[in-house]
Amino acid sequence: MSVNEEQTPYPETSITFLYPETNDENFGIYNFKLPEHAQPIFKNVNWIITTDISGSMSNICSDGKSKMQQIKYALQKMIKYFYSLSVNNNIEQTITLIIFDDESTIISNREEINEKYIIKFNEELIHKFVPNNTTDIGNALDTAADFTSLSHTNQLRPQKTIHIFLTDGQITCGVKNHDILKQKVITDNNVSNIFMGFGTQHSDTLLEALASTPNSEYYFIESLEKAGMVYGEVVYNSLYESINNLVLNIKNGELYDHTINSWVKTLKIGNLPFSANKTWHLRTSNKNQEENPMWSNCKIMASYDLVIQPGVSCDKPTNTATYPNPDTIDKKVEKYHWRQRTQELISETRTHIQNNNDNYNSYIVDDYNRYNSQSCDMYEEPIDDNLFALPPPPPPSPQAPQDPQAPAAALQQRLDKFLENLKIYIKENNLEDDAFMKNLCDDIYVCIKGINSPLGYMYVTARESSQGYQRAYNITDYEELVDINTDNTNYYTASIQGYETSQNHTTSYASSTTSQVIHDLSS
């Protein structure tokens, strides 16, 4: 097929180090920036939206509306936005709507998104979203797979299938085994799966497991009122997808992999949209010099596939690096050095909570049973205590950089000290209005709050994913995390006394084009 040059991404890359070239060991950043693009790449888009309508969706949110009302409003905004894309960009789009409780129902079967469909949704289909009964996620995944498996690549008009799966609760009937459920997820190259968990009662460990499949992601949405913001990020990343299967290979250095909290030679990134501006961390030392002892020989090769030209792979080498002058440091890279230490502490906190989950399971079950008895008795959703167990901890490694069994108090002290030092650094460098640095402070704040909380794993993991993947959506509502801790005097450390988290709904990683789509779907 002929390739439109305007649609072919040409990334800009760079390597910049914190210390001068003569340092024995060095910390640096690798920046990978893709250009903006005015129109979506895909000209045939199949939307599959699978929505939980079990009994708990009738519960009331903080704004006085039910969860179901929030979902219906968000779907109206999405469908209207999809139609505007079709009109303005010559895109053919279809939508499949699946609603599920203990059964799955297809209420819209690959229907074209046009003006007629908007009327049909608003006047007819929207009334089918009625909360009732129990929750069978396996059955819903099977139903969705019947449609995602139909996807194929059209060489003349690039096609994309995007499956958005929305749920607010636990599995209460049907298959519960995570490994079996993962096998139900279709993972073809031109299919993206987005799993969204609403509120704190959903099974974060289940959605994590489902999102561990290729081309899949998990988002925790703490407040349903903000669902449109997450939809905006997901829609942009899917429609403006630029490259697939990005992999970084480094020579004479190591790259940081936040998913395992370790330094590696090969880092698998995945798919990126146009306007993506991503930064990853690297380090060099005498031990990592393979051929030439000069630090300037640190090289990174980025390999990826082109979305616009299926089957075509590209390599982008970065063979030179920038260093500060002798006896100085690079102030921009220094901010990322703080980010590196923040990510390591987030990972350590999550691992600590995971390894000590027995302290929290009974509280979670008791609390959810109280919630369930007050709100959902009429829907008869039985609670399986095993559903609340966090995944088993990984076997201890003698080479692990942190001790995952460190007592909560000791880890909390380190978090507290780090946040105090971070705030001092911000003040001394006049960075009080820097959204990037504020986000780091919020990460550590959530770790301190979450370390003794039954909801800690959910919130800390969400912050870890947001920071690690450099997402646009920013969690701002920690009311439930705070409320659960009110009886625990140990969580009040000096660094968070009077601390206020950012109320910006997007992070410093959000591009202007991503922010615009988020605004369009949430305003």
Side-chain angles (χ1 to χ4, degrees), residues 9 11 29 31-42 74 77-78 81-82 85 160 162 164 166 192-198 207 211 215-243 246 258-259 269-280 307 335-336 339 342-343 346 433-443 446 459-478 501-523:
I29 58 174
N31 182 253
F32 187 96
K33 184 178 181 180
L34 289 166
E36 300 274 348
H37 197 271
Q39 295 183 340
I41 290 299
F42 297 101
K77 296 282 291 185
M78 289 176 71
Y81 179 77
F82 295 159
L85 286 176
K160 180 75 173 180
I162 304 157
I164 300 177
L166 321 168
S192 294
N193 294 284
I194 314 297
F195 299 96
M196 297 185 182
F198 294 131
L207 298 192
N215 303 316
S216 300
E217 291 184 278
Y218 159 51
Y219 282 83
F220 165 42
I221 305 176
E222 80 281 21
S223 303
L224 264 173
E225 300 92 315
K226 301 169 188 171
M229 298 176 187
V230 179
Y231 293 152
E233 179 171 5
V234 167
V235 168
Y236 179 82
N237 289 346
S238 300
L239 292 181
Y240 290 80
E241 191 173 279
S242 171
I243 62 175
L246 174 61
H258 82 273
T259 65
I269 306 300
N271 307 337
L272 291 180
F274 278 98
S275 82
N277 187 357
K278 303 291 186 179
T279 300
W280 295 280
V307 170
K335 291 167 61 176
Y336 282 92
R339 177 175 179 251
T342 298
Q343 287 184 281
I346 298 173
D433 297 325
D434 189 301
F436 177 90
M437 300 303 292
K438 180 64 175 176
N439 203 31
L440 300 183
C441 292
D442 287 355
D443 287 338
V446 171
Y459 279 91
V460 170
T461 301
R463 296 296 305 192
E464 181 179 43
S465 295
S466 178
Q467 186 64 255
Y469 294 117
Q470 302 170 63
R471 288 176 173 171
Y473 174 66
N474 185 40
I475 294 175
T476 59
D477 186 353
Y478 301 102
T501 57
S502 169
Q503 293 305 300
N504 292 332
H505 296 306
T506 55
T507 69
S508 59
Y509 302 122
S511 68
S512 58
T513 45
T514 306
S515 297
Q516 183 59 54
V517 178
I518 290 174
H519 177 268
D520 292 343
L521 283 173
S522 60
S523 59

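Note that the coordinates shown come from a computational prediction; the quantities given were computed from them, not determined experimentally. Just the heavy atoms: all of them, side chains too, but no hydrogens, waters or symmetry mates, feed the values below. Counting begins at 1 with the first residue of the sequence.
- Residues F198 and F220 place their aromatic rings such that the two centres sit no closer than 6.0 Å.
- Within the 4.5 Å cutoff, side-chain heavy atoms of T279 are placed close to those of Q470.
- Between F436 and Y509, the ring-plane angle classifies as perpendicular under the 30° and 60° cut-offs.
- Counting all heavy atoms, side chain and backbone alike, G228 lies closest to S522 at C-CB, 3.9 Å.
- Residues K160 and S238 have side chains that never bring a donor and an acceptor to within less than 3.5 angstrom of each other.
- The nearest pair of heavy atoms linking T514 to S275 is OG1-OG, 4.2 Å.
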#### Entry: Verdict with reasoning, S512 to E36, per side-chain contact (heavy atoms from CB on, under 4.5 Å)
CA-CA 9 Å; S512 58; E36 300 274 348; 3.8 Å; yes
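- With contacts defined as side-chain heavy-atom distances shorter than 4.5 Å, the pair F195/I164 does not qualify.
- Atom OG of residue S466 and atom CD1 of residue I346 lie 9.0 Å apart, to the nearest 0.5 angstrom.
- T476 contributes atom OG1, which lies 9.0 Å from atom CG of N504 (distance to the nearest 0.5 angstrom).
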### Task
Report the C-alpha distance between N474 and H505 in whole Å, list the side-chain angles of each, state the deciding distance to 0.1 Å, and finish with yes or no for side-chain contact (heavy atoms from CB on, under 4.5 Å).
CA-CA 5 Å; N474 185 40; H505 296 306; 5.7 Å; no
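- Between Y236 and P273, the closest heavy-atom pair is CE2-CB, 3.9 Å.
- In this structure, CZ on F42 lies 13.5 Å from CG on L85, to the nearest 0.5 angstrom.
- Proximity of a side-chain donor or acceptor of Q467 to a complementary backbone N or O of L440 within less than 3.5 Å is not detected.
- The OG1 atom of T342 lies 9.5 Å from the CG atom of N439; values are rounded to the nearest 0.5 Å.
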### Task
Begin with the C-alpha distance, continue with both residues' side-chain angles, and end with the deciding distance and a verdict on side-chain contact (heavy atoms from CB on, under 4.5 Å) for D520 and K77.
CA-CA 8 Å; D520 292 343; K77 296 282 291 185; over 6 Å; no
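- A donor-acceptor pair under 3.5 Å is absent between the side-chain atoms of R339 and the main chain of M437, judged by distance alone.
- Salt bridge status for K335 with D434: present, with a side-chain N to carboxylate O gap under 4.0 Å.
- For the pair H519 and V517, the minimum side-chain heavy-atom distance is 4.5 Å or more.
- Judged by distance alone, the side chains of N271 and N215 do bring a donor and an acceptor atom under 3.5 Å apart.
- Using a 4.5 Å cut-off on side-chain heavy atoms (C-beta onward), Y473 and I518 make no contact.
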### Task
Please test E464 against T259 for side-chain contact (heavy atoms from CB on, under 4.5 Å), starting from the C-alpha separation and ending with a verdict.
CA-CA 9 Å; E464 181 179 43; T259 65; over 6 Å; no
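- At distances below 3.5 Å, not a single donor-acceptor pair connects side-chain atoms of S223 with backbone N or O atoms of K226.
- Between V307 and E241, some side-chain heavy-atom pair lies under the 4.5 Å cut-off.
- Contact check for Y218 versus S465: no side-chain heavy atoms found under the 4.5 Å cut-off.
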### Steps toward salt bridge (Lys or Arg N to Asp or Glu O under 4.0 Å) verdict (E233, R471)
CA-CA 8 Å; E233 179 171 5; R471 288 176 173 171; 5.2 Å; no
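- Of the possible donor and acceptor atoms, none in the side chain of K278 sits under 3.5 Å from a partner among the backbone N and O of I269.
- Rounded to the nearest 0.5 angstrom, L34 CG and N277 CG are separated by 9.0 Å.
- Rounding to the nearest 0.5 Å gives a distance of 7.5 Å between CD1 of I221 and CG of L166.
- D442 and T501 share no donor-acceptor pair across their side chains, judged by distance under 3.5 Å alone.
- For the pair Y478/Y459, a side-chain contact is recorded, criterion being any heavy-atom separation below 4.5 Å from C-beta on.
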